[in-house]
Amino acid sequence: MGAAIEQKKQIVSEIKENFKNASSVVFVDYRGITVTEDTALRRKCTDSEVVYKVYKNNLIVRALNELGVTDFDPKMFEGTTSVAFGKDEVTAPKILCETMKEINKMQVKFGYVNGELADASKIEALSKIPSKPVLVSMLLGVLQGPVSALARALNEISKKQA
């Protein structure tokens, strides 16, 4: 019995550590997915440096309470629950929401983004934000526009004078 309690304490401390290190945490009802679908989801998460785990609900609640996070509804932890811990705000929601659309079996319960409670609709909205490399390229495109226009204008002026 002592070993089981010690193991649960380790799991609770693992959950707390993952929660502290994450910018986004998404809680999902994963009921009905097959082993193949779960394996594909785990692979996507691993490739994107998202920690995806299945924990017992009471251990998740205990970890959150120990962290002082109590603004959630305990009824959200009924049924099956898996958790995705993302290092940024959009990667974990994006992976989970894309997977939900592909297999049409999972459902987002709620999440935390930068320590604030986010309902399922906010998590889905985050999933639609482009990734950081895409946003950077969009910004560069916007910044290049005026410079390109200036270069073309100067080129036209030099052609007229010649």
Side-chain angles (χ1 to χ4, degrees), residues 10-149:
Q10 287 178 337
I11 293 170
V12 168
S13 66
E14 176 185 326
I15 296 168
K16 287 170 34 179
E17 190 64 31
N18 284 334
F19 194 89
K20 287 178 190 175
N21 295 332
S23 291
S24 63
V25 181
V26 182
F27 297 93
V28 178
D29 183 348
Y30 65 94
R31 189 174 321 158
I33 67 171
T34 65
V35 172
T36 306
E37 293 164 342
D38 185 58
T39 303
L41 172 60
R42 288 177 187 273
R43 188 174 302 117
K44 285 181 192 175
C45 288
T46 302
D47 292 346
S48 300
E49 298 181 7
V50 171
V51 177
Y52 177 79
K53 298 274 188 164
V54 175
Y55 295 112
K56 290 186 175 185
N57 290 334
N58 62 341
L59 297 179
I60 297 171
V61 171
R62 178 175 290 151
L64 292 176
N65 286 333
E66 286 182 14
L67 287 170
V69 179
T70 57
D71 55 349
F72 59 89
D73 183 1
K75 291 180 182 178
M76 294 289 214
F77 289 104
E78 293 176 354
T80 61
T81 306
S82 61
V83 188
F85 302 95
K87 291 186 179 188
D88 62 33
E89 290 79 5
V90 296
T91 305
K94 184 178 290 300
I95 291 172
L96 291 173
C97 288
E98 286 174 359
T99 302
M100 285 175 11
K101 288 177 185 171
E102 289 172 12
I103 63 175
N104 202 21
K105 294 178 186 174
M106 299 170 61
Q107 182 178 15
V108 172
K109 292 183 174 188
F110 68 102
Y112 282 90
V113 179
N114 292 325
E116 293 185 17
L117 183 67
D119 62 5
S121 63
K122 288 181 184 176
I123 297 297
E124 190 170 327
L126 279 173
S127 73
K128 295 176 182 173
I129 295 174
S131 65
K132 185 175 181 178
V134 172
L135 288 173
V136 168
S137 66
M138 290 169 65
L139 175 63
L140 290 175
V142 168
L143 293 175
Q144 268 185 326
V147 174
S148 297

Please say whether more than 12 non-hydrogen atoms of neighbouring residues, nucleotides or ligands are located less than 6.0 Å from [atom1] in [X].
{"X": "Arg62", "atom1": "CZ", "answer": "no"}
{"X": "Glu66", "atom1": "CD", "answer": "yes"}
{"X": "Lys56", "atom1": "NZ", "answer": "no"}
{"X": "Glu102", "atom1": "CD", "answer": "yes"}

So does [X] pair up with [Y], basic N to acidic O under 4.0 Å?
{"X": "Arg31", "Y": "Asp29", "answer": "yes"}
{"X": "Lys44", "Y": "Glu98", "answer": "no"}
{"X": "Arg42", "Y": "Asp38", "answer": "yes"}

Pick from Cys45, Ser24, Pro93: which one makes a side-chain contact (heavy atoms from CB on, under 4.5 Å) with Val50?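 The passing option is Cys45.
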
Measure from the side-chain N and O atoms of Asp88 to the backbone N and O of Thr91, and report whether any donor-acceptor pair falls under 3.5 Å.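 A pair under 3.5 Å: yes.
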
So does Thr34 get a backbone contact from the side chain of Glu37, meaning a donor-acceptor N/O pair under 3.5 Å?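 It does hold such a pair.
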
Out of curiosity, Lys101 NZ to Glu124 CD, how far, rounded to the nearest 0.5 Å?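 One finds 5.5 Å between NZ of Lys101 and CD of Glu124.
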
Taking atom CG of Leu67 and atom CD of Glu17, what is their separation to the nearest 0.5 Å?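 It is 9.5 Å, given to the nearest 0.5 Å.
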
Do Val26 and Val108 come close enough that some side-chain heavy atom pair is under 4.5 Å?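 Val26 vs Val108: side chains touch.
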
Which heavy atom in [X] sits nearest to a heavy atom in [Y], and how many Å separate them?
{"X": "Phe72", "Y": "Val69", "answer": "CE2-O, 3.1 Å"}
{"X": "Asn57", "Y": "Gly79", "answer": "ND2-O, 2.7 Å"}
{"X": "Ile60", "Y": "Tyr55", "answer": "CG1-CB, 3.6 Å"}

